[in-house]
Enquirer: 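What follows is a single structure, and I will ask about it in a moment.
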Amino acid sequence: MPVEEGKKAPAFNLETTSGDKIALKDLAGKTVVLYFYPKDNTSGCTKEAENFRDDYSNFQTRDVVLLGISPDSRQSHQKFTEKLNLPFPLLVDKDHKIAEKYGVWVEKKMFGKTGYGIQRATFIIGPDGKIIKVYPKVRVDGHSQEVLNDLNELDL
């Protein structure tokens, strides 16, 4: 069942690019932007990460914690982070359990084949741990700016 606005965000405690762990409960009192993406080093995911990177200072100004998450390994995340010079952590959801909790591990069809993967989505989680905004089926172009505009409107 997909996560809904106004409901408590599903908990997570995941390894980061650097090998540290980040738990949602440790971010209590902060606004969190959690974006799910399918795969490191693919065109859409690269563009999305670059857009969040380029707008990162605007997220910092609002004291927002920005986190990317995919099923890729820590080593893959490290290479992706270094290649793009990403200033925010990427989280390892290798078994896609957190993606499932957030309702973004879905059946997909590509090139006539059916399989499961990440549906690109973003969640704004408020300081109280509740979902403030859900962006299902994200379109990469302009998405980072859309999130920033909404943070502005929500006065976060």
Enquirer: Going by salt bridge (Lys or Arg N to Asp or Glu O under 4.0 Å), name the residues that satisfy it together with K47, two or more places apart in sequence or in a different chain.
Expert: D141
Enquirer: Would you call E15-R74 a salt bridge at under 4.0 Å N-O?
Expert: yes
Enquirer: List the steps and the verdict of side chain to side chain contact (heavy atoms under 4.5 Å, CB included) for L34 and I69.
Expert: CA-CA 7 Å; L34 181 66; I69 182 170; 4.0 Å; yes
Enquirer: Examine distances only and state if a side-chain atom of D93 and a backbone atom of I98 form a donor-acceptor pair shorter than 3.5 Å.
Expert: yes
Enquirer: Can any side-chain N or O of T46 pair as donor or acceptor with the backbone N or O of T42 at less than 3.5 Å?
Expert: yes
Enquirer: Return the set of residues passing salt bridge (Lys or Arg N to Asp or Glu O under 4.0 Å) with R53 (not counting sequence neighbours), or none when no residue passes.
Expert: none
Enquirer: Any donor-acceptor pair under 3.5 Å linking the side chain of E107 with the backbone of Y116?
Expert: no
Enquirer: For the atom pair CG (L148) and CD (Q145), what is the distance rounded to the nearest 0.5 Å?
Expert: 5.0 Å
Enquirer: Who are the salt bridge (Lys or Arg N to Asp or Glu O under 4.0 Å) partners of D63, not counting sequence neighbours?
Expert: K30
Enquirer: Minimum heavy-atom separation for K101 to A11, with atom names?
Expert: NZ-O, 3.6 Å
Enquirer: Heavy-atom count check: over 12 atoms from other residues, nucleotides or ligands less than 6.0 Å from R62 CZ?
Expert: yes
Enquirer: Can you tell if the side chain of V33 reaches within under 4.5 Å of the side chain of V65, non-hydrogen atoms only?
Expert: no
Enquirer: Under the side chain to side chain contact (heavy atoms under 4.5 Å, CB included) rule, what do K133 and T122 come out as? Steps first, then yes or no, please.
Expert: CA-CA 8 Å; K133 180 97 174 145; T122 301; over 6 Å; no
Enquirer: Which residues pass the ring-ring contact (aromatic ring centres under 6.0 Å, His included) test with H96, sequence neighbours left out?
Expert: W105
Enquirer: Looking only at non-hydrogen atoms, find the nearest pair between A9 and L24 and report the distance.
Expert: CB-CD2, 3.8 Å
Enquirer: Does K7 NZ have over 12 foreign heavy atoms under 6.0 Å away?
Expert: no
Enquirer: State, with a plain yes or no, whether a side-chain heavy atom of V147 is found less than 4.5 Å away from one of F59.
Expert: yes
Enquirer: Looking only at non-hydrogen atoms, find the nearest pair between A121 and V104 and report the distance.
Expert: CB-CG1, 3.6 Å
Enquirer: So, using side-chain contact (heavy atoms from CB on, under 4.5 Å) as the criterion, who are the partners of P127 when residues are at least two apart?
Expert: T31
Enquirer: Is any side-chain heavy atom of N41 closer than 4.5 Å to a side-chain heavy atom of K83?
Expert: yes
Enquirer: For the backbone of T16 and the side chain of H77, can you confirm whether one donor and one acceptor N or O come within less than 3.5 Å of each other?
Expert: no
Enquirer: Can you name the closest pair of heavy atoms from P38 and C45 and give their distance?
Expert: CD-SG, 3.3 Å
Enquirer: Which pairs pass ring-ring contact (aromatic ring centres under 6.0 Å, His included) with one or both residues in residues 128-156, sequence neighbours excluded?
Expert: F52-H143, Y135-H143
Enquirer: In terms of the angle between their ring planes, are Y56 and F88 parallel, tilted or perpendicular, with boundaries placed at 30° and 60°?
Expert: tilted
Enquirer: So, Y102 side chain and P10 main chain: donor-acceptor pair closer than 3.5 Å or not?
Expert: yes
Enquirer: Without swapping roles, check the side chain of S144 against the backbone of D55 for a donor-acceptor pair under 3.5 Å.
Expert: no
